[in-house]
Amino acid sequence: MTQLTQKTWTTKKEVTVENDSLLIKTKNVREDLEYRIKFEELGFDTVKKRVKSANIPFCAFILFDILYIGLLLSAVINKETLSKQLFWVGALVFFGIATIAAFYNRNKDVIYLTGGQKVLELLAARPDIQTVTAFIATIHQSMRQHYKKKYSKFDPDTTYEMKLYQLKWLKEINAITDKEYSEMLDNTKTENIIGFSRPNSEN
């Protein structure tokens with residue numbers, strides 16, 4: 001699974017896993033945005049949070065609904081003009097839709113992928129928690145593969161200390177297994193002793 005699509009009443013977000021980055025496309029009534037987050041800018045931390053910012057608008061919209069129901073009933077009882085009655089009906093429909101939208105966004109569970117310079121925000125239940133969890137695992141695995149490819153091969157000028165640091169870091173983030181770490185460490189020690197890299201046939 002290399003792409004996740006999340007839709008709400010007003011927005012659409014597509015996140016695609018690429019070789020060295022994430023491509024994010026977001027659309028809503030105000031903008032159509034496309035940008036990338038490089039793996040080096042992200043990190044492996046995940047933070048879960050329940051956002052309750054829609055609770056206050058939801059309560060406010062309910063009050064407006066009650067108000068417009070009262071005004072509509074008053075207009076019908078007092079036999080006011082049809083145009084006025086239709087106006088109150090339109091207002092009630094508008095705020096009714098807003099109330100429903102706010103209701104479904106009252107308690108929004110959000111997962112933040114962080115630990116680096118940038119943060120990726122994902123809705124935990126769009127389309128469902130299992131799909132989102134699996135997609136996050138795909139992101140992290142792609143990051144590990146990227147780091148393994150980039151940092152497990154060393155330039156001739158790389159010092160032994162830097163090689164050792166990179167190998168330890170790759171192991172810490174589970175980009176290489178314990179066995180791979182031991183083999184790479186042995187190769188690095190041998191290269192450091194003899195002063196040059198061994199041919200690939202000896203690895």
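This structure is a prediction, so every number in the text was calculated from the model and none was measured.
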_Sole residue of Thr114, Val119, Ile37 in side-chain contact (heavy atoms from CB on, under 4.5 Å) with Leu42_ = Ile37
[X]: which residues meet the side-chain contact (heavy atoms from CB on, under 4.5 Å) condition with it, sequence neighbours left out?
X: Val110; value: Val51, Lys108, Tyr112, Glu121, Leu123
X: Lys179; value: Thr177, Glu183
X: Gln130; value: Asp128
X: Leu63; value: none

*Are any side-chain N or O atoms of Asn28 and backbone N or O atoms of Glu31, one a donor and one an acceptor, separated by less than 3.5 Å?*
yes
*Could you tell me whether a side-chain N or O of Tyr147 sits under 3.5 Å from a main-chain N or O of Trp169, the two making a donor and an acceptor?*
no
*Passing candidate, side-chain hydrogen bond (donor to acceptor under 3.5 Å, both in side chains) with Glu40, options His146, Gln117, Lys118*: His146
*Sort and list the pairs that fulfil salt bridge (charged side-chain N to carboxylate O under 4.0 Å, His left out) and have at least one residue in residues 69-83, not counting sequence neighbours.*
Glu80-Lys84
Which distance, rounded to the nearest 0.5 Å, do you find between the [atom1] of [X] and the [atom2] of [Y]?
X: Lys148; Y: Leu170; atom1: NZ; atom2: CG; value: 9.0 Å
X: Met184; Y: Lys163; atom1: CE; atom2: NZ; value: 12.5 Å
X: Leu122; Y: Asp109; atom1: CG; atom2: CG; value: 13.0 Å
X: Gln166; Y: Ile176; atom1: CD; atom2: CD1; value: 10.5 Å
X: Ile111; Y: Lys48; atom1: CD1; atom2: NZ; value: 5.5 Å
X: Leu86; Y: Leu72; atom1: CG; atom2: CG; value: 9.5 Å

*Which pairs pass ring-ring contact (aromatic ring centres under 6.0 Å, His included) with one or both residues in residues 15-36, sequence neighbours excluded?*
none
_All pairs passing ring-ring contact (aromatic ring centres under 6.0 Å, His included) where residues 70-94 contributes a residue, at least two apart_ = Tyr68-Trp88
*Minimum heavy-atom separation for Pro127 to Leu4, with atom names?*
CD-CD1, 3.8 Å
*Could you pull out the closest heavy-atom pair between Ile173 and Arg144, with the gap in Å?*
O-NE, 2.5 Å
*Which is it for Thr188 and Phe154 under the side chain to side chain contact (heavy atoms under 4.5 Å, CB included) test, yes or no, and what are the steps along the way?*
CA-CA 10 Å; Thr188 301; Phe154 308 108; 4.2 Å; yes
_Suppose we screen for side-chain hydrogen bond (donor to acceptor under 3.5 Å, both in side chains). Which residues come up paired with Arg30, at least two apart in sequence or across chains?_
none
_For Thr99, side-chain hydrogen bond (donor to acceptor under 3.5 Å, both in side chains) partners two or more places apart_ = Asp65
*Between Gln85 and Val76, does a side chain to side chain contact (heavy atoms under 4.5 Å, CB included) hold up when you go through it step by step?*
CA-CA 7 Å; Gln85 293 181 29; Val76 172; 3.8 Å; yes
Can you list, pair by pair, the side-chain donor-acceptor contacts under 3.5 Å of residues 16-27, counting residues two or more places apart and other chains?
residue	atom	partner	partner atom	Å
Thr16	OG1	Gln3	NE2	2.9
Glu18	OE1	Arg36	NE	3.0
Glu18	OE1	Arg36	NH2	3.4
Glu18	OE2	Arg36	NH2	3.3

Please tabulate, one pair per line, all N/O donor-acceptor pairs under 3.5 Å involving side-chain atoms of residues 132-141, not counting sequence neighbours.
residue	atom	partner	partner atom	Å
Thr133	OG1	Ile129	O	2.7
Thr138	OG1	Met1	O	3.3
Thr138	OG1	Ala134	O	3.1

*May I ask you to list the residues sharing a hydrophobic cluster with Tyr165, side-chain cutoff 4.5 Å, ordered by chain and number?*
Met162
